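Following: one structure in C-alpha cells, then a few remarks.
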Amino acid sequence: MLDAVVFDRYSNRNVIFYHSNDSRIINFNYSQLWQAIESVKTAIRDLKLSEHYCCFAVSLEHSPALIAVVVGLYFTKQPFCCLNIGCNIKNITPLLKRIGTRYMFCNANNVTGIENYSFDIIFELNLLGEHICLIKLSADWDNVTVCNKIAYCVLSSGSTGQSKLVQVPANCIKPNLDQLEKICTISQQDRIFIVSPPSFDPFIVDIFLALRNGASVILVANEIRLDPDRLLRVLFDRSSVTFMQITPSLFRRWNERTIQEVIFQKETSLRNLILGGEPFPTDLHVPVGTSTNVYNIYGITEISCWALIEKVNAENVASKQVSLGSPLDQTIVLQLRDIDSNEVLDLHQTPFPIRGQLFVGSRTRKCLVNGELAKEILLSEGVCYRDTGDVVELRSDEKFYYSERCDQVIKRFGVRASLAHLELICDRNQSISKSFAVFDAFHQRIFLFYTACGETDGKDIEMQLRAAFRSDETPDEFIAVNSFPLSAHGKIDKKALLNHHRINNWAVSTSVNLDIGQFFTDQMNKLLGIPFEEKCQPKRRKLDSDLSFFDIGGTSIQAVQLITSMQEQFTAPISNLINLLLDKTVSLRQIYSYLQTVKLSNISEPSCEKLKAMDNGLCAKACFNMNRCIDATPSVFYSKIRDKTVLAVGSHSHKVIVIDANQDNSMVSQLELPNRVESSVTFLSNQEFGLIGCYDGFLYCFDLWNGEVRWKFNSNGMIKCKALVIGCSIIFGNYSNEQNLFALNLSGSLVWNLRLGTKGILSSPISLNNQLAFVATLDGTCSCFRVDDGAEMWTKKLQSAIFANSVFLSDEQIILVAEVQGSLHCFSSQSGIEFWRISTVGNIFSTPLIQRCLDSNKVLLGCHDEHLYCFEYNSKRVVALKWKLKLQSPIYAGPVALDNEYVIACSTSGYINAISTNTVQTNSVVKLNGEIFSTPVVVNSKTLFVGCRDNILYKIFVDQKMVSE
C-alpha cells in the first residue's frame, strides 16, 4: 500500500503544508516526515508492543504529528483507530473499550484532560514540533488481539444505522488508492486537502494517496476548517489546492457565487473535486469549460471505503441525472434486493427501471464488522455482501441512481410517505436553498427543516410549501434554520436537528397556562396555512369559523395529525374531538366552544402552603413537562471528567431526559423509547453511560451526553426495577413468566439468567459485596445469589409481595426487607437468618431510610395508612416503634434525608413535607398539582428533585434556616 522508498525518492520535496490558526504556514519535507515515522517505530519496538498485535488509539487533531503516528503505525504493522474527539479526551473510555486497547497516542497538552483516569506515560516523542505522549490506561478490560490482516479500525458514521466498529485489512483500502490515482492522474505536483476527520476512512485514502505519489497534503487548524471564508482563502489563494475529497454538505457551505467564481473558475488550481458520503447535489451547476473534474463517488465504510464512481459533466447535472457510476475496481459486485421481502432481484428478467435496496459485495475487499470472526469472513471464498441502506433505481443505461435511504420511506398513520420526495418538492421552491426531512416515529410526526434564500417571509414560504404537497404527505411542521448541523464526518446531523427541536418544545415555560382553544387554532394554521379569524385581510385567506373542518380543506389524515399534536401538549384525553372534526355538520366555531369546556391538567406554578404560623422553607419550581406521569425516581450522576452533576429520569411518555442538575437545569440529552418508563437510571461511571429498563422488555444502555443508544438487551418481560452494576456485571429483574433475573456483561451480552419464584421482580437488586447480591420478588421470594453465575446462597419465602427496595447495612451485615402486607424484616446477609420483624398498620410500598445514631439506628418508612413510621433498634437487635407521624394521604415514595435531623417525605396527594425527626413535626410543606409516587432525590442540602403525576419534573429548593426554625 505504501513503500518506504518514496521517502528517499522525494526526500527534499515538501510533503506537509500546515496552516495554523495564527496564519502561519508550517512546512515539512519527506525526509523530516520519515524521521518522525522512525521515532514512532522506535517507540513501538523498544516497548515490545508489536509482540501483542493490539490496536492503538490515536487521539490527535489534524496536525503533522498525526500523519507521522498513523504512517509509523502502518509501517510497524500495528492496527490503529483514530478517535473522533479532537482535543476532548473526556469521552475516550467507551471508544477504547470498544476497540479493546489501553494504548493511546495523544498530545502532551491534552494529558491533563484524563487526570481522573489512572494511566502511565510510557513513551514521549517530539514529532514535527509537537510533544506527543504514548500512554497506557489502567482499565478494567483486557487488550484485544486483532487479526494480523487488519491495517486499521474505523467507526462508521452511523448513516447506515447504528455506528459500527469496522476492522479494515490493507487489501480493502488498496484498490481505492490504485484506481483513484489512475482516474485523477495523481502526481508529485498535486496538493491534496485533508478535509475528512481522522475517524472517517476517506482520511486514510487522502493521506496514502498523496504519499504514494510524492504529492503534498494541506492541513488546516480546526478554527480554519470551520470558517468557510478563511478556508477558501487558504486553499485557493495560499495553497493552490489540486485535489479535494469532501461531503456535499461541507462543500455547500460555500455559496453558489463562490463556487462558480473561485472554485470552478477557468484558472482554478483545483483539478479534481470528489463529492461523496451523501447524495450528489443535483442543483450543483458545473460550468462548461471548467478545468475541474467533478466526480460523484459512492461507498460504505463496511467495504472501506469507495465502491462506485461517476464523472459528472454539465449535461447530466443540468438534467439532474447523476448516477452512482461504475464499479471502482473489478472486485466490486452489486446486488439489488426487494425492499419489503429482502429477496434478491433478477436483474435480467425484471424490466427497467428496477427499484430495490442496494447491497455491495466483494470476494476480496472484506472487512470485519463489530464482532465478526476473521475465519468466517476473511478466509471465506464467497462474496460478502453489505447492506448500504439505500434505495436505488437501475435504469436502461445499466447504471444505478440514488433514490433515498431505506429509513426515509416511512409510514405515518398507516400512509406510506417518502422523506426524499418531500425534500425534492421543497427544494424546487425558489425561496428554499436546502431542505431536510426528519420523521419522529414515536409521535408519528414529520418535520421539514429548511434554509431559505432571499428575504421571503417564513409564513409565505410555508403557505407555498403546503400547497405543493398532497394532504396525506404534508409535513406536520416546517422549521426554518440558519444552517444545518453537521456531524464530525461532514454529513447533516439528523439527531442534532430533532434534538434541538424537541428541547425547544419541552421547556415548561412554553406551555404554562396555554389555552387549549388558542393551541387548536395555532395548529389549524400550521396544518392548513390559513389563520382562524373571522375578518379577512387581502394578503391571506382566513378560516370561516362557521365552516366545518372538511369544508375548509381538512382531511382525515390532517385530523389525526391535529389530535396527535393536542394530545402531546395536554394531559387530558379529548375523546370526542375526532368525531367533531370528521362531522361535516359541525362548524369550527362549535369545536372551539367544545374545547373550552374540556378540563385539562394545566401546568401552573405549585402552591406553597404555610403550616400554622411558621414560614415555609420549601419552594417548588417546575423544570420539565414530560407529557405523561413520572413515577420513576430521578437518578443523579457526577462526572469527574466534566466536573458536572446531571440528573436522569424517565416517564410514561416513553421519554428519558438528562439535565444539568446544578446550573440552569438545561437539557443535556434525551431519548425516546418504544414504551413507558418506570425504571430508574443506573450509571456506568467509566463509560458515562446510563442503563434504563422499559415496558417493552429491553434494557437500554445510552450515552448520557448525546442520548445515543449504545446497546439494548431484550429480556422478554416488562422492566420496572433499577439495574444494579457490580464490577463488570449488570443485574436486573423483569416481569417475564419465564426467566426473571438476568446478568449481562458491560457490553450488554447475556452472562446468565434464571427463574426466581413464581412472579416478576419490581424491587431493585442490591449489592452485598463484589461477589454477592440480593433481590426480592412479587411472590415474596428473597434470595442471596452469586454475581458470577447466579447460584443461590440462601433463599427465604415471605407471605406477600415485596414492592419496596431492600436496604443493606454493610457494617452490620444485615438486610432490611419491607413486605407489602405491613412487615419489616431484618435478615442476616450471610445466612438469611431473621434477626427481628416489626409490623405497621397498613401496606408498605416505601423504601426504608436508615438514620445512624450513637447507640442505635432509626428506620423510617412510609405506609399506606398515611403515617411515616420511625422504628429504633440497638446493637442487641431489640427493635421498637419510636414514633409515627400522620401525613395528608398514603405514602408510596421513600423518605430521604436532608441532614442528620430533617427528612423529606411525600404523600400521594402531592404534598412534600420537611420533617424534624427530633421534634417529630412537619416544619415545612409544599403541595404539587398531582400525585407523587416518585421518591425524591437530594442533589445537595438545598436542592432536591421529584417527579409528579401531573407530568412535571420539579426542583425543590430548601431554605435550611426556615426549615429548622
Side-chain angles (χ1 to χ4, degrees), residues 93-94 97-100 139-142 144 161-165 368-373 376 650 656 671 673-675 677-703 708-778 781 783-793 795:
T93 304
K97 190 166 187 178
R98 195 169 178 187
I99 63 178
D140 60 353
W141 64 86
D142 295 326
V144 176
Q162 187 72 23
S163 179
K164 307 177 185 72
L165 178 64
L368 299 180
V369 179
N370 291 334
E372 291 178 341
L373 300 178
E376 297 176 357
V656 181
L671 71 154
L673 301 181
N675 213 317
V677 176
E678 201 172 318
S679 162
S680 294
V681 176
T682 304
F683 302 102
L684 296 177
S685 299
N686 288 340
Q687 296 93 328
E688 301 203 339
F689 291 167
L691 297 170
I692 192 161
C694 181
Y695 271 40
D696 69 350
F698 281 87
L699 182 73
Y700 292 87
C701 175
F702 65 97
D703 190 311
E708 178 182 346
V709 174
R710 294 294 183 172
W711 55 257
K712 61 181 180 178
F713 175 84
N714 187 7
S715 71
N716 295 307
M718 182 170 57
I719 303 173
K720 289 189 177 184
C721 73
K722 181 179 180 179
L724 169 68
V725 177
I726 305 182
C728 296
S729 298
I730 300 169
I731 311 291
F732 70 96
N734 71 359
Y735 275 57
S736 172
N737 293 323
E738 298 177 356
Q739 282 76 16
N740 62 357
L741 187 63
F742 296 80
L744 312 179
N745 62 26
L746 297 185
S747 298
S749 298
L750 179 67
V751 177
W752 56 260
N753 58 15
L754 56 86
R755 179 67 183 174
L756 187 64
T758 60
K759 294 186 178 179
I761 296 174
L762 174 62
S763 178
S764 300
I766 59 173
S767 171
L768 304 184
N769 53 47
N770 290 335
Q771 291 80 39
L772 300 177
F774 173 87
V775 74
T777 74
L778 291 175
T781 299
S783 177
C784 172
F785 58 92
R786 284 204 314 234
V787 172
D788 58 353
D789 59 5
E792 293 183 1
M793 306 305 293
T795 302

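Note that the structure is predicted; figures quoted are calculated from it, not measured.
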Requested in this report: Could you tell me the separation between the OG1 atom of Thr781 and the CG atom of Leu741, rounded to the nearest 0.5 Å?
Outcome: 11.5 Å
Report task. Just jot down the salt bridge (charged side-chain N to carboxylate O under 4.0 Å, His left out) partners of Arg786, sequence neighbours excluded, or say none. Result -> Asp788, Asp789
Query - Gap between atom CG of Leu699 and atom CH2 of Trp711 - 0.5 Å precision - result: 5.0 Å
Query raised in the report: Where do Asn716 and Glu738 land on the side-chain contact (heavy atoms from CB on, under 4.5 Å) test, with the steps shown first?
Result: CA-CA 9 Å; Asn716 295 307; Glu738 298 177 356; over 6 Å; no
Requested in this report: Grab the two heavy atoms, one from Ile692 and one from Val681, that are nearest each other, plus how far apart they are.
Outcome: CD1-CG2, 3.6 Å
Report task. Nearest 0.5 Å please: distance from the CG atom of Leu744 over to the CH2 atom of Trp752. Result -> 9.5 Å
**Report entry** By side chain to side chain donor-acceptor pair (under 3.5 Å) - contacts of Asp696 (at least two apart)
**Finding:** Tyr700
Query raised in the report: Once you round to the nearest 0.5 Å, how far does CG of Leu691 lie from CZ of Arg710?
Result: 13.0 Å
Report task. Go through the structure and list residues passing side chain to side chain donor-acceptor pair (under 3.5 Å) with Ser763, not counting sequence neighbours. Result -> none
Query raised in the report: Is there a donor-acceptor pair under 3.5 Å between the side chain of Asn740 and the backbone N or O of Leu756?
Result: yes
Report summary line: Distance col, row Leu754:CG vs Ser783:OG, nearest 0.5 angstrom, shows 7.5 Å
Report task. State, to 0.1 Å, how close Lys759 and Thr777 come at their nearest heavy-atom pair, and which atoms those are. Result -> O-CB, 4.3 Å
Distance-only check: which donor-acceptor pairs under 3.5 Å involve side-chain atoms of residues 719-735, not counting sequence neighbours?
unit_1 : atom_1 : unit_2 : atom_2 : d
Asn734 : OD1    : Ser736 : N      : 3.1
Asn734 : ND2    : Ser715 : O      : 3.0
Asn734 : ND2    : Ser715 : OG     : 3.1

**Report entry** Minimum heavy-atom distance between Gly650 and Val677, given as atom pair plus value
**Finding:** CA-CG1, 3.8 Å
Report summary line: d(Asp703 CG, Phe689 CZ) to nearest 0.5 Å is 5.5 Å
Query raised in the report: Residues in salt bridge (charged side-chain N to carboxylate O under 4.0 Å, His left out) with Glu792, at least two apart?
Result: none
**Report entry** Residues forming a side chain to side chain donor-acceptor pair (under 3.5 Å) with Asn745, sequence neighbours excluded
**Finding:** none
